[in-house]
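Here is the structure we will look at.
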Amino acid sequence: MRVLVGGGTGFIGTALSQLLKAKGHKVTLVSRQPGPGRITWNELTRSGLPICDVVINLAGENILNPLRRWNEAFREKVLSSRLETTQMLAQAITKATQPPQAWIIVTGVVTKWEAAARIPGDSTRQVVVRSERTKATPSIPALRGRGVVLGRGGGAISHMLLPFRMGLGGPIGSGHQFFPWIHISDLAGILTHALEENCVQGVLNGVAPASTTTNAEFAQALGAALGRPAFIPLPSTVVQAVFGRERAIMLLEGQKVVPRRTLATGYQYSFPELGAALKDILA
């Protein structure tokens, strides 16, 4: 299949592109910079949607980037980077003379983002893989559905390894909050499953089936996988100082997320259990 991927140069996009190509699909990326196998967002706006079978959007600023201070400017950048790219692709699909068979988005800002993704009619199958989780705050709409993405060379675990390897790792805050997670191979696998199986549509949760993992249990499992202790908690005051009070909620207040519909579609997880996932990543 011919697959167009918005925001396909990042951690998730790279893993997805590798899997798609390994399965014989042709991948074209939409990115800010031109290059082989790419079109730019400006080209998309100017020339419309290239002929393709599936469109996937992964684009969006990382809301938990610890190097960016949480202020009004960054808040607007997070929302606009996600909403605008989704709207651009949705509009291109709507205007296309040959619309794609499927339109798949990985979302976090549920109400606005998913509304921006909706396209009229039923000629294109629509799938939403929910990508982040927390409760709503006055300035952060509800984010829910996907766990922390675990994988080599990027994602959340890349920020955790140094303190854990030094024996300074531990739970965040109380550690009692649920900590949904997913191996990068399974997130890429769910997206690939969604584009290959015509019966898949609607909302899927991108989490591993081990939905009752708490933050403290995750910390203990990561410490055990590294052969290091993991009992030094990161106080909530420190988390709030680094990320800001509103973003800190994403780390301090977890939600139990169960991938019932994902499993019901027939997707088989490669890493349903945390121990095996960490062993693969750290091997």
Side-chain angles (χ1 to χ4, degrees), residues 3-17 29-31 41 44 54-65 74-94 100 102-120 124-137 139-149 155-156 180-182 184 186-195 200-208 211 246-247 249-250 254-262 264-265 267:
V3 185
L4 185 70
V5 182
T9 58
F11 178 54
I12 297 171
T14 299
L16 175 61
S17 295
L29 306 181
V30 189
S31 68
W41 291 101
L44 177 74
V54 179
V55 178
I56 301 176
N57 193 28
L58 305 172
E61 186 78 23
N62 178 10
I63 195 171
L64 283 177
N65 183 350
F74 184 59
R75 183 185 299 118
E76 288 302 317
K77 185 173 182 180
V78 167
L79 291 172
S80 64
S81 68
R82 299 170 178 218
L83 292 172
E84 287 175 8
T85 57
T86 299
Q87 288 171 336
M88 289 169 67
L89 285 167
Q91 290 170 3
I93 292 170
T94 301
W103 164 222
I104 303 170
I105 59 168
V106 177
T107 71
V109 187
V110 175
T111 304
K112 290 184 178 180
W113 202 345
E114 293 179 11
R118 292 192 190 102
I119 56 176
T124 298
R125 182 168 52 88
Q126 299 179 57
V127 182
V128 173
V129 178
R130 288 188 173 160
S131 67
E132 288 155 342
R133 80 278 175 269
T134 188
K135 299 176 182 178
T137 72
S139 61
I140 306 179
L143 305 174
R144 51 183 95 124
R146 183 204 77 196
V148 171
V149 182
W181 60 272
I182 188 167
I184 184 69
D186 278 318
L187 184 55
I190 290 169
L191 293 168
T192 302
H193 176 71
L195 72 89
V200 179
Q201 59 183 338
V203 177
L204 306 178
N205 282 336
V207 295
S211 57
E246 291 172 324
R247 276 194 301 179
I249 291 174
M250 297 183 69
Q255 287 184 333
K256 182 179 180 180
V257 183
V258 181
R260 291 188 183 92
R261 292 198 74 250
T262 308
T265 66
Y267 179 72

Taking all non-hydrogen atoms of both residues into account, name the closest pair between T9 and S31 and its distance. CG2-CB, 4.3 Å

Taking the side chain from R125 and the backbone from P100, do they hold a donor-acceptor pair closer than 3.5 Å? no

Backbone of A117 reached by a side-chain donor or acceptor of T86 within 3.5 Å: no

Shortest non-hydrogen contact from L44 toward A92: CD1-CB, 4.1 Å

CZ/R118 to CD1/I105 distance, rounded to the nearest 0.5 angstrom? 9.0 Å

Start with the C-alpha gap between L4 and L89, add the side-chain angles, then the distance that decides, and say whether side-chain contact (heavy atoms from CB on, under 4.5 Å) holds. CA-CA 10 Å; L4 185 70; L89 285 167; 4.3 Å; yes

Kindly say whether V207 contributes a backbone atom to a donor-acceptor pair with the side chain of N205 at under 3.5 angstrom? no

Counting distance only, does the side-chain N/O of S17 pair as donor-acceptor with the main-chain N or O of T14 below 3.5 Å? no

Just so I know, are the side chains of T265 and I190 near enough to count as touching, which here means a heavy-atom distance under 4.5 Å? no

Between W41 and A59, what is the shortest heavy-atom contact and its length? CZ2-CB, 4.1 Å

Search all heavy atoms of A102 against all heavy atoms of T124 and return the closest pair with its distance. C-CG2, 3.7 Å

For A15 against I184, the heavy-atom pair lying closest together: CB-CG1, 3.5 Å

Rounded to the nearest 0.5 angstrom, the CG-CG distance for L16 and L191 is 5.5 Å

From I104 atom CD1 to I56 atom CD1, the distance as rounded to the nearest 0.5 Å: 4.5 Å

Atom of V127, atom of A194 and distance for their closest heavy-atom approach: CG1-CB, 4.1 Å

Looking at side-chain heavy atoms only, is the closest gap between V30 and T85 below 4.5 Å? no

Looking at CD1 of I12 and CG of L187, how far apart are the two atoms once the value is rounded to the nearest 0.5 Å? 5.0 Å

Value for CZ (F11) from CG (L58), rounded to nearest 0.5 Å, stands at 12.0 Å

Checking the side chain of R261 only, and the main-chain atoms of V203 only, is there a donor and an acceptor separated by less than 3.5 Å? yes

